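One structure is given below, encoded as structure tokens.
In the text below, chain A, chain B and the rest are named by the order of the sequence lines, each starting its count at 1. As the structure is a computational prediction, the values presented were derived from the model and not from experiment.
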2 protein chains.
Amino acid sequence: MLVGVEVDLATALVRLTHVVDHVFVDAGRANDLTPQQAQLLCLLTDGPIGMAELAKVLRLEKSSLSGLVDRVERRELVRRVRDESDRRACWVELTGQGTKIAVATHDEVTATLDALTADLPTVERTRLAAVLFRLASAHSGR
Amino acid sequence: MLVGVEVDLATALVRLTHVVDHVFVDAGRANDLTPQQAQLLCLLTDGPIGMAELAKVLRLEKSSLSGLVDRVERRELVRRVRDESDRRACWVELTGQGTKIAVATHDEVTATLDALTADLPTVERTRLAAVLFRLASAHSGR
DNA sequence: TATTGTTATACTCTATAACTATA
DNA sequence: TATAGTTATAGAGTATAACAATA
């Protein structure tokens, strides 16, 4: 039954998503972060990002992002840096303390997910990564 | 490089999760529901569920669940039904209107995810579903 | 006493609309 | 005028702790 197969894959995606969501909840909590803060800090481990791009990546309204950044800036985990070439804009970057927490959180998320997939043969894991990347990329350009 | 492969799969899982999360955001919004409400209503399409089991499945504190159910009950999308065999407990079930919205939301989520995976050959899709189910199940018994 | 669920409280998260500063 | 970001406001989501009702 073709329909049955399709329903199963959608359900599998939903269930897996639920699991990964809670990997973020748990990793965040272990580092005294909300899941949203954990996600933000993990993103920033690749380097400073502008507010506009952050809002796009996180799919948040700019005002929602302002508040999210406010709360982690208040805890001195990130700082806003004015863009000198366009003084309306600013970059968000990790502080020293923020980097420590961000890396610890990112490592914990990665370790948990790696453990989750440890049973898969290497070949399967490689193929799985490729397929999932393709699915995620196909939709991100919405 | 083995490490590189592992990092990629973890990253792929995170990115895919982000996409699926927003499928729920969008499907919920189209039906005037928050993502959490959409998730709750979709679960209830399989039939009434007790508060204790709902809290476990959604991984919420019982007080958080009380509030979530309050807000959809206030909109008459669900109702609480006392369990006659244990009068401390109650079941949560969809109302007629709630069923309509829940099914519409569930269908939209499923349709979007099916569209996302439509390019995959049937064989690949079947195998993917099996692998993802296994990953999700392995972790749910935490 | 133990368990099921609610209430009280304090935050965080989010969107919409109005605003400020810069371009 | 247009754009980048903030502020004001309102409501939803969440956890902890204390509570009520039932077992």
Exercise. Is A:Glu73 salt-bridged to A:Arg80, cutoff N-O under 4.0 Å?
Worked result: yes
Seminar exercise, completed: Assign each of A:Glu84 and B:Arg29 the nucleotide of DNA chain C bearing its closest heavy atom; nearer the 5' end lies the nucleotide of B:Arg29
Exercise. When you measure from the side chain of A:Arg87, which nucleotide among C:dA23, C:dT14, D:dT7 comes out closest?
Worked result: C:dA23
Exercise. Atom CD of A:Glu61 and atom C1' of D:dT9: how far apart are they, to the nearest Å?
Worked result: 15 Å
Problem set entry | From D:dG5, C:dT6, D:dG13, nucleotide with atom closest to B:Arg80 side chain | C:dT6
Exercise. How many angstroms lie between OG1 in B:Thr95 and NZ in B:Lys100, if you round to the nearest 0.5 Å?
Worked result: 9.5 Å
Problem set entry | Side chain of B:Ala52 (C-beta onward), nearest among D:dT7, C:dA15, C:dG5 | C:dG5
Exercise. In terms of side-chain geometry, is the basic nitrogen of B:Asp26 or A:Arg59 positioned less than 4.0 Å from the acidic oxygen of its partner?
Worked result: yes
For this session: Please tell me which of A:Asp86 and A:Thr34 maps to the more 5' nucleotide of DNA chain C, matching each residue to the nucleotide holding its nearest heavy atom.
Result: A:Thr34
Exercise. Of all the nucleotides listed (C:dA21, D:dG5, C:dT7), which has the minimum atom distance to the side chain of A:Ser66?
Worked result: D:dG5
Problem set entry | Quiz item: A:Ser63 side-chain donor-acceptor pair to C:dT14 base, under 3.5 Å | no
Problem set entry | D:dT3 base / A:Arg88 side chain donor-acceptor hit below 3.5 Å | yes
Exercise. So which of A:Val23, A:Leu113, A:Leu132 actually passes side-chain contact (heavy atoms from CB on, under 4.5 Å) with B:Val14?
Worked result: A:Leu113
Problem set entry | Spacing between B:Leu65 atom CG and D:dA15 atom P, to the nearest angstrom | 10 Å
Exercise. Between D:dA12, D:dT14, C:dC13, which nucleotide gets closest to the side-chain atoms of B:Ser64?
Worked result: D:dT14
Exercise. Of all the nucleotides listed (C:dT22, C:dG5, D:dG5), which has the minimum atom distance to the side chain of A:Met51?
Worked result: D:dG5
Problem set entry | Nearest-angstrom distance from the residue atom CG of B:Leu60 to C1' of D:dT14 | 8 Å
Exercise. How would you label the contact of B:Gln36 with the nucleic acid (heavy atoms, under 4.0 Å): base, sugar-phosphate, or nothing?
Worked result: sugar-phosphate
